[in-house]
Amino acid sequence: MSAGGAFGGNRGLRPVPPEKGIFPLDHMHECDLEKKDYLNCLKSSGHQSEKCRLFSKKYLECRMEKNLMAKQEMSELGFEKISEMDASGEKPNEKINN
């Protein structure tokens, strides 16, 4: 056997954190509700992700709360104007009142 261990890895080195965009899977299903809401929105909107931004934001917030991804400001993830849109993805002044 080599000095690196049975599988070739050096057992004395500390692991390197993953790159941004790589995070642990939700094995405990802690954010399943948020994930299902987002996927249902995508399905009902014909996969137009812009209409599901609120659900996407809630899912990412859940993952950060549960330490399934690194905490970041939502503005760094492209959500600085999310408050201007509702769950349908339309700005309030774009709705037609009938």
Side-chain angles (χ1 to χ4, degrees):
M1 253 197 289
S2 69
F7 299 102
N10 187 341
R11 302 278 183 207
L13 294 178
R14 292 179 47 106
V16 177
E19 296 290 327
K20 182 176 178 178
I22 301 172
F23 41 81
L25 296 176
D26 187 4
H27 292 292
M28 303 304 287
H29 306 283
E30 297 177 83
C31 295
D32 268 6
L33 178 62
E34 292 82 356
K35 177 181 74 174
K36 287 176 183 174
D37 287 344
Y38 176 63
L39 293 174
N40 285 337
C41 178
L42 284 176
K43 195 176 209 178
S44 66
S45 70
H47 298 279
Q48 296 178 26
S49 61
E50 189 63 32
K51 292 184 176 183
C52 303
R53 286 178 53 83
L54 180 64
F55 295 106
S56 176
K57 180 181 182 212
K58 287 182 179 182
Y59 176 63
L60 292 172
E61 288 173 333
C62 178
R63 289 191 63 86
M64 286 187 267
E65 267 178 36
K66 308 291 185 186
N67 293 316
L68 294 168
M69 66 182 284
K71 289 180 174 38
Q72 267 184 278
E73 291 295 321
M74 294 308 290
S75 62
E76 293 175 15
L77 300 172
F79 290 98
E80 61 269 28
K81 295 181 182 179
I82 192 74
S83 62
E84 295 177 11
M85 297 183 149
D86 66 9
S88 70
E90 295 177 338
K91 291 183 181 177
N93 60 355
E94 290 178 350
K95 289 186 176 182
I96 300 172
N97 296 324
N98 289 337

Applying a strict under-4.5 Å side-chain criterion to I, L, V, M, F, W and Y, I'd like to know whether M69 and M74 cluster together.
yes
Might you point out which heavy atoms bring [X] and [Y] nearest each other, and give the distance in Å?
{"X": "F55", "Y": "Y38", "result": "CB-CA, 3.7 Å"}
{"X": "K71", "Y": "M64", "result": "NZ-O, 2.8 Å"}
{"X": "Y59", "Y": "E34", "result": "CA-CB, 3.7 Å"}
{"X": "K66", "Y": "C31", "result": "CG-SG, 4.0 Å"}
{"X": "L68", "Y": "L25", "result": "CD2-O, 4.0 Å"}

Please round to the nearest 0.5 Å and tell me the distance separating atom [atom1] of [X] and atom [atom2] of [Y].
{"X": "K51", "Y": "L42", "atom1": "NZ", "atom2": "CG", "value": "11.5 Å"}
{"X": "E65", "Y": "K58", "atom1": "CD", "atom2": "NZ", "value": "12.0 Å"}
{"X": "D32", "Y": "D37", "atom1": "CG", "atom2": "CG", "value": "10.5 Å"}

Test item: S56 side-chain N/O and C52 main-chain N/O as donor-acceptor pair under 3.5 Å:
no
